[in-house]
Undergrad: 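Got a structure for you, questions after.
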Amino acid sequence: MFLSVFDIFKVGIGPSSSHTVGPMVAAARFLDLLRGSPFHAHGVRASLHGSLAFTGVGHATDRAVILGLAGISPDTYDAEAAETAMAAVATDRQVQPVGLGPLAFDPGADLLFDYGPALECHANGLILMATDAQGDVILQETYFSIGGGFVVTADELGRDVAPEEARPVPYPFRSAAQMLEMAQASGKSIAEMKRANEIAHHGHDGLNRGIARLWQVMSDCIDRGLQTGGILPGGLNVRRRAPALHASLMAERGLNLGAPHMVNDWISTYAIAVNEENAAGGQVVTAPTNGAAGVLPAVLKYWLTQVPGATADRLPDFLLTAAAIGGLVKTNASISGAEAGCQAEVGSASAMAAAGLAAVMGGTPAQVENAAEIALEHHLGMTCDPVKGLVQVPCIERNGLGAIKAVSAASLALRGDGHHLVPLDACIEAMRQTGRDMSHKYKETALGGLAVNVPNC
């Protein structure tokens, strides 16, 4: 199975990769299905199930479906065009995707939130339908948003379909053990093996351009978050803190006023900046999800700006190594909060960031694997319990702490020789089992934990 760096890292919009990006992608896939069908559709409908229903409003899932049916894509999202499309749908009660003409769609009647039991295959289910002039369904497909912007149909989920899986790669590792064995046999680093795999699919230039864009979007997101104040949308009245935190840190820079651990505040501020942008619906990169989008960019920004010897030309090694770890977690467990709790989101992101940092700081493959394991192990059992169903509390701060854990994990691993008791594969399997056993109340439904113990009205 081959999961590209561009599968793990996707340019999208906030606030959620599974609840916003995924449904938009599903809508685009349904439009393509409709374009290729012999049926002449008069209208479209949608129903949201499981976590997509329970926290869909807070995650802007309804808006995402509407925009997706209107033909807007997350990777080319334009805020002005999106607002124009939303206004047109509200006024005309129809969507007008390219190649299909006007299709009747009344958001109040044709977009259903089903709060009953989730669909059998996955917690994030979405059914899209095309109807004729009499309102009868003439085409229907069920999609599952399985985390990180990945979308599969029910048939694909059963067949374990992966992007581009039919194409061979030089280093086809499916586990951390295989990854380390291949690294030892080839004498290559994890980043070098991952690069060879990517080149087989995207070529040198495509890979380099794609990675450059990923970091540009991440960096721009940090900068916007550090500069933009105000109150986050959704009704919790959460104030954006990143600008004030950044201003305070900048004022103290060079004055020798802070303790050495103040570096943690810098790391947290970068992460908070990203996740405040995400909560506001801004452009982010899944890393591996939107809810955990701040962890890896924060660690990467910290390394580039505050670690002696860091150079931008090593940035691809960081992202490629992180993507290799993210691919292992996605393949063998989950990166979906609705499937396995926040251990699958911030925990996975922390493991990826720890691995990337260990790699660019000279770690051996064994040390890199150790760094990822340490970071993931100490997120096991973490629930996803967003207050009011918004990706704000505890999600924003949680990214800051996940980034700090990543740096600590990399540092600990680099002080060892790579030998450790718990293999990364065992930790990933423990995470999968923990997610399986976790009550649905703690898996992005806002039915347990902080979501029911914090006043949110």
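No hydrogens, no waters, no symmetry mates; every other heavy atom, side chains included, goes into these values.
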Undergrad: So M431 and V329, do their side chains get closer than 4.5 Å, heavy atoms only?
TA: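 Side chain of V329 against side chain of M431, heavy atoms only: contact under 4.5 Å found.
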
Undergrad: Between N332 and L328 (side chain of the first, backbone of the second, donor and acceptor by atom type, cut-off under 3.5 Å), is there such a pair?
TA: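 Such a contact is found between N332 side chain and L328 backbone.
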
Undergrad: Indicate yes or no: does E377 engage K405 in a salt bridge with an N to O separation below 4.0 Å.
TA: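 Looking at K405 together with E377, the answer is no, because their closest N to O distance does not fall below 4.0 Å.
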
Undergrad: Between atom CE of M262 and atom CD1 of I267, what is the distance when rounded to the nearest 0.5 Å?
TA: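 With rounding to 0.5 Å, CE (M262) is 12.0 Å from CD1 (I267).
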
Undergrad: Pairing donors with acceptors under 3.5 angstrom, does anything connect the side chains of D220 and Q216?
TA: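 Their side chains do contain a donor-acceptor pair, which is all the 3.5 Å distance test asks for.
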
Undergrad: Could I get the full list of side-chain contact (heavy atoms from CB on, under 4.5 Å) partners for A130, not counting sequence neighbours?
TA: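 A130 satisfies side-chain contact (heavy atoms from CB on, under 4.5 Å) with F30, L34, A41, I138, L139 only.
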
Undergrad: Is there a side-chain hydrogen bond (donor to acceptor under 3.5 Å, both in side chains) between S145 and H19 once you walk through the steps?
TA: CA-CA 7 Å; S145 182; H19 287 55; over 6 Å; no

Undergrad: Would you find a donor on one side and an acceptor on the other, under 3.5 Å apart, between the side chain of H59 and the backbone of G389?
TA: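 A pair under 3.5 Å: yes.
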
Undergrad: Is the side chain of H246 donor-acceptor paired with the backbone N or O of A242 at a distance under 3.5 Å, no angle test?
TA: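 A pair under 3.5 Å: no.
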
Undergrad: If you look only at pairs with a residue in residues 106-147, which of them pass as a ring-ring contact (aromatic ring centres under 6.0 Å, His included), with sequence neighbours excluded?
TA: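 Non-adjacent pairs meeting ring-ring contact (aromatic ring centres under 6.0 Å, His included): F54-Y115.
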
Undergrad: Could you check whether any side-chain heavy atom of H379 comes within less than 4.5 Å of a side-chain heavy atom of C342, counting everything from C-beta outward?
TA: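 Of all side-chain heavy-atom pairs linking C342 with H379, none is under 4.5 Å.
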
Undergrad: Do T286 and I8 have side chains that approach each other closer than 4.5 Å (heavy atoms only, starting at C-beta)?
TA: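 No, too far: nothing below the 4.5 Å cut-off.
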
Undergrad: Side chain of E141, backbone of L128: donor and acceptor closer than 3.5 Å?
TA: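 No, E141 side chain to L128 backbone: no donor-acceptor pair under 3.5 Å.
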
Undergrad: Just jot down the side-chain contact (heavy atoms from CB on, under 4.5 Å) partners of T76, sequence neighbours excluded, or say none.
TA: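 T76: side-chain contact (heavy atoms from CB on, under 4.5 Å) contacts with S73.
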
Undergrad: Are the side chains of N197 and F173 in touch, meaning some heavy atoms are under 4.5 Å apart?
TA: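 Contact flag for N197/F173 side chains = yes.
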
Undergrad: Check A60 against P15 and note the closest heavy-atom contact, atom names and distance.
TA: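 Closest approach of A60 to P15, heavy atoms only: CB-CD, 4.0 Å.
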
Undergrad: Should the pair R240-E277 be classified as a salt bridge under the 4.0 Å nitrogen-to-oxygen rule?
TA: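 Here R240 pairs with E277 in a salt bridge, since their nearest N and O are under 4.0 Å apart.
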
Undergrad: Take L304 and W215, measure what side chain to side chain contact (heavy atoms under 4.5 Å, CB included) needs, and give me the verdict at the end.
TA: CA-CA 12 Å; L304 283 171; W215 172 239; 3.6 Å; yes

Undergrad: Can S4 and H201 be said to form a side-chain hydrogen bond (donor to acceptor under 3.5 Å, both in side chains), step by step?
TA: CA-CA 9 Å; S4 170; H201 285 253; over 6 Å; no

Undergrad: Could you work out, with side-chain contact (heavy atoms from CB on, under 4.5 Å) as the rule, every residue matching Q283, not counting sequence neighbours?
TA: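 side-chain contact (heavy atoms from CB on, under 4.5 Å) list for Q283, sorted by chain: V11, R213, V217, R224.
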
Undergrad: Below 30° counts as parallel, above 60° as perpendicular, anything between as tilted: where do the rings of F2 and H202 land?
TA: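 If you compare the ring of F2 with that of H202, the planes turn out tilted.
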
Undergrad: I need the full list of salt bridge (Lys or Arg N to Asp or Glu O under 4.0 Å) pairs touching residues 440-453, with sequence neighbours left out, sorted by first then second residue.
TA: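 Every candidate salt bridge (Lys or Arg N to Asp or Glu O under 4.0 Å) pair involving residues 440-453 fails, so no pair, neighbours aside, qualifies.
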
Undergrad: Keeping T20 on the side-chain end and A64 on the backbone end, is there a donor-acceptor pair under 3.5 Å?
TA: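 No, the answer is negative, given that no donor and acceptor are paired below the 3.5 Å cut-off.
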
Undergrad: Is the closest side-chain heavy-atom distance between V238 and V393 below 4.5 Å?
TA: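 Heavy-atom side-chain distance check passes, below 4.5 Å.
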
Undergrad: Just so I know, are the side chains of V299 and Y270 near enough to count as touching, which here means a heavy-atom distance under 4.5 Å?
TA: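 The answer is no; the side chains never approach within 4.5 Å.
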
Undergrad: If the test is side chain to side chain contact (heavy atoms under 4.5 Å, CB included), which one of L119, D155, T153 qualifies with T142?
TA: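 Going through the options one by one, the only one that passes is L119.
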
Undergrad: Under a 3.5 Å cutoff, is there a donor and acceptor pairing between the side chains of S16 and S18?
TA: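 The answer is yes; a qualifying pair exists.
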
Undergrad: With a 4.5 Å cut-off on side-chain heavy atoms, are I396 and L232 touching?
TA: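 With C-beta onward as the side chain, the pair touches.
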
Undergrad: Is N124 reaching over with its side chain to a backbone N or O of I146, donor-acceptor style, under 3.5 angstrom?
TA: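 No; judged by distance alone, with no hydrogens or angles, the pair does not exist.
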
Undergrad: For R35, does the CZ atom have more than 12 heavy-atom neighbours from other residues, nucleotides or ligands under 6.0 Å away?
TA: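 Yes, enclosed.
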
Undergrad: Quick one: does Q140's side chain have a donor or acceptor within less than 3.5 Å of a partner on V137's backbone?
TA: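 No; zero donor-acceptor contacts below 3.5 Å.
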
Undergrad: Would you check if the side chain of N290 reaches a backbone N or O of I13 as a donor-acceptor pair within less than 3.5 Å?
TA: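 Checked: pair present.
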
Undergrad: Is there any salt bridge (Lys or Arg N to Asp or Glu O under 4.0 Å) pair reaching into residues 111-138, and which pairs are they, with sequence neighbours excluded?
TA: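 Sorted result for residues 111-138: empty, none.
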
Undergrad: Any chance CD of E397 has more than 12 other-residue heavy atoms, nucleotides or ligands included, within less than 6.0 Å?
TA: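 It does not: E397 CD has 12 such atoms or fewer within range.
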
Undergrad: Tell me, do V387 and Q392 make a side-chain contact under 4.5 Å, heavy atoms counted?
TA: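 A side-chain contact is absent here, since even the closest heavy-atom pair is not under 4.5 Å.
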
Undergrad: Do the charged groups of R432 and E429 touch, with an N to O distance under 4.0 Å?
TA: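 Result for this pair is yes, salt bridge flagged.
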
Undergrad: Under a 3.5 Å distance rule, please check whether E276 uses its side chain to pair with a backbone N or O of R241 as donor and acceptor.
TA: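 Yes, E276 side chain to R241 backbone: donor-acceptor pair under 3.5 Å.
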
Undergrad: Using a 3.5 Å distance criterion without hydrogens, assess whether the side chain of S248 forms a donor-acceptor pair with backbone atoms of A244.
TA: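 No: the side chain of S248 does not pair with the backbone of A244.
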
